[in-house]
Amino acid sequence: MRVIIEKNYEFMSKRAAEVIAEQIREKPDSVLGLATGFTPLGTYKELIGMYKKEGLDFSRVTTFNLDEYYPIPSTHPQSYHYYMQKEFFKHININPDHTYIIDGLVKDVKAFCRWYEEEIKKVGGIDLQLLGIGRDGHIGFNEPGSSLGSRTRIKILDAATIKDNARFFGKKEDVPKYAITMGVGTIMDAKYCLLLASGSDKSKVLTKAIEGPITAQVTASILQMHKDLLVIADEKASRDLKNKEYYQHIEKLTEELKTLTIEE
Ligand code: F6R
């Protein structure tokens, strides 16, 4: 696990976009796992800028989104389909046939979830999974108590998540009570995970996730077991981290070490 602390949301977003751009430059047909919500908005904006200014090429990239509310039509302004088009896809040269987002109206949910997992396998798995963290410690919509080995499936949302998301839907009653989400196990299969956290309201949960015990009560905590995890947090979100100075020390020495060793 590597932890980078940036001074604010803008710097966190720039750094995250650079990591994703590097992945695409190295492997133009990369498979990206994508998240929605507030946290990755700045990262998408930066990537759009890189496409427009530097010609960062998305034409061979494939994407799989983490989750979608259920039931919700893709035309609903709060659906994650709508979000992805509006905030990212329509601004870049990605092939729409290569963008997989969970169908929020599918009837045969089990068959759909099996198909989603199969499609991920068919393209060789996810190279880089972008993640935000929920206030209850969720990744995707894997709420507290979700199996740490779970695969894509339908979940009943936690009362706290419904309350949290009411800000987007206007009132609590309009927030869907269910979501289809990649499982914790699906996320853990990604070759590289990039977890972003911004703002003081994430500081306690981020500390639990990366420095606390691994528990299904904070599903993000399983990321401690991931073989290649990068956490990028801003100052506010890193406020409660106990090992903050150590992470900063490592960052400094990592750069120095690069001048001494040969990287693959
Ligand atoms: C969204 C997702 C969620 C969010 C999390 C944080 O696709 O999977 O786990 O990443 O709820 O949301 P924000 O970024 O809005 O605080």
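Atoms within each ligand, like the ligands themselves, are counted from 1 in listed order. This one's a predicted model, so the numbers in the text were calculated from it and none came from an experiment.
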Asks: Specify the protein heavy atom at minimum distance from atom 10 (O) of ligand 1: its residue, its atom name, and the distance to 0.1 Å.
Replies: G132 CA, 3.4 Å
Asks: What is the nearest protein non-hydrogen atom to atom 9 (O) of ligand 1, stated with its residue, atom name and distance?
Replies: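 The closest heavy atom on the protein side is G140 O, 2.7 Å.
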Asks: Using only atom types and a distance under 3.5 Å, with no angle test, would you say the side chain of N93 pairs donor to acceptor with the backbone of F58?
Replies: yes
Asks: Considering only heavy atoms of L66, which atoms of ligand 1 have at least one such atom less than 4.0 Å away?
Replies: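 Matching atoms, with element in brackets: 8 (O).
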Asks: Could you tell me if the ring centre of Y69 sits under 6.0 Å from that of F169?
Replies: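 Yes, ring centres under 6.0 Å apart.
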Asks: With backbone taken as N, CA, C and O and side chain as the heavy atoms from C-beta onward, which portion of L131 lies under 4.0 Å from ligand 1: side chain, backbone, both, or neither?
Replies: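 L131 to ligand 1: no contact under 4.0 Å from either part.
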Asks: Under a 4.0 Å threshold between the charged nitrogen and the carboxylate oxygen, would K27 count as salt-bridged to D127?
Replies: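 Yes.
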Asks: For ligand 1, which part of T39 has a heavy atom less than 4.0 Å away: the side chain, the backbone, both, or neither?
Replies: both
Asks: Would you find more than 12 non-hydrogen atoms of other residues, nucleotides or ligands less than 6.0 Å from K107 atom NZ?
Replies: no
Asks: Please determine which of K14, K52, R15 meets the salt bridge (Lys or Arg N to Asp or Glu O under 4.0 Å) test together with E46.
Replies: K14
Asks: Please state which protein non-hydrogen atom is closest to atom 6 (C) of ligand 1 and give its distance, to 0.1 Å?
Replies: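 The answer is I133 O, 3.4 Å.
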Asks: Look only at interatomic distance and state if K202 has a nitrogen or oxygen under 3.5 Å from any nitrogen or oxygen of ligand 1.
Replies: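 Looking only at distances, the answer is yes, because the N/O contact criterion of under 3.5 Å is met.
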Asks: Considering only the protein, which heavy-atom contact is closest to atom 1 (C) of ligand 1, and what is its distance?
Replies: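 Of every protein heavy atom, T36 OG1, 3.1 Å lies nearest to atom 1 (C) of ligand 1.
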Asks: For F168, is at least one N or O under 3.5 Å away from an N or O on ligand 1?
Replies: no
Asks: How far is atom 15 (O) of ligand 1 from its nearest protein heavy atom, and which residue and atom name does that atom have?
Replies: F38 N, 2.8 Å
Asks: Looking at K53, I want to see if its NZ is surrounded by more than 12 non-hydrogen atoms of other residues, nucleotides or ligands under 6.0 Å.
Replies: no
Asks: On the ring face of Y247, is K244 found with NZ or CZ under 6.0 Å from the centre and within 45° of the axis?
Replies: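 Not flagged: K244 not positioned over aromatic ring of Y247.
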Asks: With heavy atoms of G37 as the reference, note each atom of ligand 1 found under 4.0 Å away.
Replies: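 Reading through ligand 1 atom by atom, the close ones are 14 (O), 15 (O).
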Asks: Do the ring planes of Y116 and Y100 sit parallel (below 30°), tilted (30 to 60°) or perpendicular (above 60°)?
Replies: perpendicular
Asks: Charged N to carboxylate O under 4.0 angstrom, K121 versus E118?
Replies: yes
Asks: Side chain, backbone, both or neither: which part of D67 has a heavy atom under 4.0 Å from ligand 1?
Replies: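 Only the side chain of D67 comes within reach of ligand 1.
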Asks: Distance under 4.0 Å to a non-hydrogen atom of H138: what atoms of ligand 1 satisfy this?
Replies: 3 (C), 5 (C), 9 (O), 11 (O)
Asks: Any atoms of ligand 1 less than 4.0 Å from a non-hydrogen atom of A35? List them with their elements.
Replies: 7 (O)
